[in-house]
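We name chains A, B, ... by the order of the sequence lines, and we start the count at 1 in each one. Below, all heavy atoms of this structure are taken into account, side chains as well, without hydrogens, waters or symmetry copies.
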Protein chains: 2
Amino acid sequence: MSRSIINLRSAIHLKEGWTLKIGELSKATGASIRSIRYYEKQGLITPARTESGYREYHKFAVEQVNTIRLYLKLGLSTEQIAGFLQCVLMNKEAFCNEVLPVYRQKLKEIDEQIQTLVRIRSNLEDRIQSILSEQTDNESMEGTNDEH
Amino acid sequence: MSRSIINLRSAIHLKEGWTLKIGELSKATGASIRSIRYYEKQGLITPARTESGYREYHKFAVEQVNTIRLYLKLGLSTEQIAGFLQCVLMNKEAFCNEVLPVYRQKLKEIDEQIQTLVRIRSNLEDRIQSILSEQTDNESMEGTNDEH
DNA sequence: ATTGACTCTGACATTAATGTCACGGTCTAT
DNA sequence: ATAGACCGTGACATTAATGTCAGAGTCAAT
C-alpha cells in the first residue's frame with residue numbers, strides 16, 4: 001500500500017474541508033443521492049460543477065441538507081423550504097416577509113400538536129394508573145367484570 | 001316552505017347532537033369526503049352504518065378528524081396516527097391487561113415525539129427571530145411603519 | 001490501458017394522500 | 001312518483017418525494 005503524494009483530493013480535503021462530491025454529501029447527511037439531486041432540481045441547493053460536470057458541494061451543504069430533511073419531515077414542501085432558504089441566504093426583506101407567516105403558521109401547528117400530545121400523555125398515564133389500582137384492588141378476588 | 005313536524009332528523013340532531021353524515025362531517029372539518037373515507041380505510045376512524053349503509057358519525061368525529069388532519073400536516077403518516085387514536089379512543093377497558101405494555105410503550109414514544117417537537121419548535125423560533133432582527137436592523141433608516 | 005468506484009442524465013416505478021368521475025342506491029319535499 | 005340532493009363503491013389520475021435501473025462518462029490506482 002504505497003501511499004505517495006498522489007492523493008491530492010484527500011489532502012485538499014484535510015487542509016480546508018473544501019468540497020464534497022455528491023456521494024460524500026449523501027453519506028454525511030443520510031439523504032440519498034437521488035434526493036439530493038431532487039433538492040437541487042427544486043432549487044433548494046445549488047452546487048458548483050467541476051470541469052467534467054461533477055457536482056461540487058461546500059461543507060455547509062451538509063447543514064443545509066440536514067435542515068431540508070428536517071423540514072420535510074415536518075411536513076413542509078420543498079417549495080416552502082425554498083422560500084426559507086432564499087430568506088436566510090439573501091437579505092431580501094421581500095422574501096422574508098412572504099415567508100414569515102409560513103413559519104409562524106407552522107409554529108402554531110407545532111404548539112397545537114405538543115399540547116395534544118401532552119393531553120394524550122396524561123390521558124394514557126391516568127389510564128395506566130387506573131388499571132394498576134384496579135389490579136391491586138381486585139388482587140384477591142376474581143373476574144368481577146364491571147363497566148361504567 | 002311549510003315546515004311541519006316532519007324533519008325528524010333535524011329534531012333528533014337538536015335534541016342530542018347525535019349523528020353526522022359524511023357530508024356534514026366534511027363541512028364541519030374541512031376534510032374532503034374522499035379523505036374521510038380514506039381515513040376510515042386506514043383504520044383511523046370507524047363510523048357506524050345505518051340500515052341503508054350510510055356512514056353515521058358521532059359528534060366526537062369532528063374533533064377526531066381535525067386531529068388527524070393536524071397530524072398529517074405535521075408530516076405524520078396515517079399509520080402512525082392510527083396508533084395514537086387507538087390509545088385515546090378505545091376506551092373499552094375489557095382488554096386492559098393485555099394492552100398495558102402497549103400503553104407504556106406508546107407513552108415512551110409520545111415523550112420522544114414531544115421532545116423532538118420542542119426541538120424543532122425552538123429551531124423555527126430561532127429562525128423567525130433572526131428574520132425579525134435582520135428586519136429591525138435595516139429599519140433604522142427608512143421611516144417604514146409596518147406592523148400588524 | 002484497464003479496472004473499479006464513482007458520477008452524470010434520463011426514464012420508469014412506487015408510496016401516500018387526495019382529486020375526480022361514473023354508476024347506482026337512499027331520502028325527502030313536493 | 002319524481003326530482004334533487006345526498007351517499008355508496010370502485011376505478012383512474014395526480015402530486016410530492018423517493019427508489020431504481022440503464023447507458024455513458026470520469027477518476028484514481030495499478
Side-chain angles (χ1 to χ4, degrees), chain A residues 1-13 19-45 47-57 61 65 67-83, chain B residues 1-13 19-57 61 65 67-82:
Chain A
M1 17 174 77
S2 62
R3 252 184 190 249
S4 45
I5 337 89
I6 306 191
N7 201 334
L8 284 187
R9 188 173 153 65
S10 293
I12 294 180
H13 250 206
T19 67
L20 300 184
K21 284 185 297 179
I22 195 168
E24 300 166 321
L25 181 58
S26 169
K27 260 162 205 160
T29 60
S32 71
I33 292 181
R34 175 68 172 82
S35 292
I36 295 176
R37 293 205 265 243
Y38 176 69
Y39 301 155
E40 177 180 348
K41 181 166 265 178
Q42 300 311 112
L44 299 193
I45 190 172
R49 294 292 183 128
T50 71
E51 274 301 319
S52 58
Y54 281 22
R55 290 173 177 82
E56 226 175 9
Y57 299 91
V65 169
T67 302
I68 291 170
R69 297 188 80 208
L70 176 67
Y71 285 156
L72 282 176
K73 264 204 295 193
L74 238 181
L76 292 166
S77 69
T78 51
E79 205 180 350
Q80 293 175 303
I81 297 172
Chain B
M1 19 169 84
S2 60
R3 256 184 186 253
S4 44
I5 337 91
I6 305 188
N7 200 334
L8 283 188
R9 190 173 149 66
S10 293
I12 294 179
H13 251 207
T19 68
L20 300 183
K21 283 184 298 180
I22 195 168
E24 300 166 320
L25 180 58
S26 169
K27 259 163 207 161
T29 60
S32 72
I33 292 180
R34 175 69 172 81
S35 293
I36 295 176
R37 293 203 265 243
Y38 176 69
Y39 302 154
E40 176 179 347
K41 180 166 269 181
Q42 300 311 112
L44 301 191
I45 190 172
T46 312
R49 296 290 185 131
T50 70
E51 274 301 318
S52 58
Y54 281 24
R55 289 173 178 81
E56 226 174 11
Y57 299 91
V65 169
T67 301
I68 291 170
R69 297 190 78 210
L70 176 69
Y71 286 177
L72 283 176
K73 265 203 295 192
L74 279 167
L76 293 169
S77 69
T78 51
E79 205 180 348
Q80 293 174 302
I81 298 171

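The pair B:Glu40-B:Arg49 meets the salt-bridge criterion, with a side-chain N (NZ, NE, NH1 or NH2) lying under 4.0 Å from an Asp/Glu carboxylate O.
Annotation: proximity of residues 25-37 of chain B to DNA chain C (heavy atom, distance under 4.0 Å) is found for B:Ser32, B:Arg34, B:Ser35, numbered in ascending order.
Between the CD atom of B:Gln42 and the C1' atom of C:dT18 there is a distance of 12 Å, given to the nearest Å. Following rounding to the nearest Å, A:Arg49 (CZ) and D:dG25 (C1') show an atom-to-atom distance of 13 Å. The distance between atom NZ of A:Lys21 and atom P of C:dC6, rounded to the nearest whole Å, is 8 Å. Distance B:Leu20 CG to D:dC7 C1': 14 Å, rounded to the nearest Å. Rounded to an integer number of Å, the gap from B:Leu44 CG to C:dA17 C1' is 12 Å. Between the CD atom of B:Glu24 and the P atom of D:dC7 there is a distance of 7 Å, given to the nearest Å. Remark: P of D:dC6 and OH of B:Tyr57 are 16 Å apart, rounded to the nearest angstrom. Regarding A:Arg55, its CZ atom lies at a distance of 15 Å from the P atom of D:dC27, rounded to whole Å.
The structure places CZ of B:Arg37 at 9.5 Å from OG of B:Ser26, a figure rounded to the nearest 0.5 Å. The structure places CG of A:Leu72 at 5.0 Å from OH of A:Tyr39, a figure rounded to the nearest 0.5 Å. How far CD1 of B:Ile36 is from CG of B:Leu20: 9.5 Å, rounded to the nearest 0.5 Å. To the nearest 0.5 Å, atoms CD1 (A:Ile45) and OG1 (A:Thr67) are separated by 10.0 Å. Between the CZ atom of B:Arg69 and the CD1 atom of B:Ile81 there is a distance of 11.5 Å, given to the nearest 0.5 Å.
Taking 4.0 angstrom as the limit, A:Thr78 places a side-chain polar atom (N or O) nearer than this to OP1 or OP2 of D:dA17. Contact annotation: A:Ser52 does not reach the phosphate of C:dT7 (side-chain N/O to OP1 or OP2, under 4.0 Å).
For A:Tyr54 and A:Tyr38, each mapped to the nucleotide of DNA chain D holding its nearest heavy atom, the one lying further toward the 5' end belongs to A:Tyr38. The nearest heavy atom of DNA chain D to B:Ile22 and to A:Thr50 marks one nucleotide each, and the one closer to the 5' end goes with B:Ile22.
When each of B:Arg55, B:Lys27, B:Glu56, B:Arg34 is paired with B:Ile22, the side chain to side chain contact (heavy atoms under 4.5 Å, CB included) condition holds for B:Arg55 and for no other.
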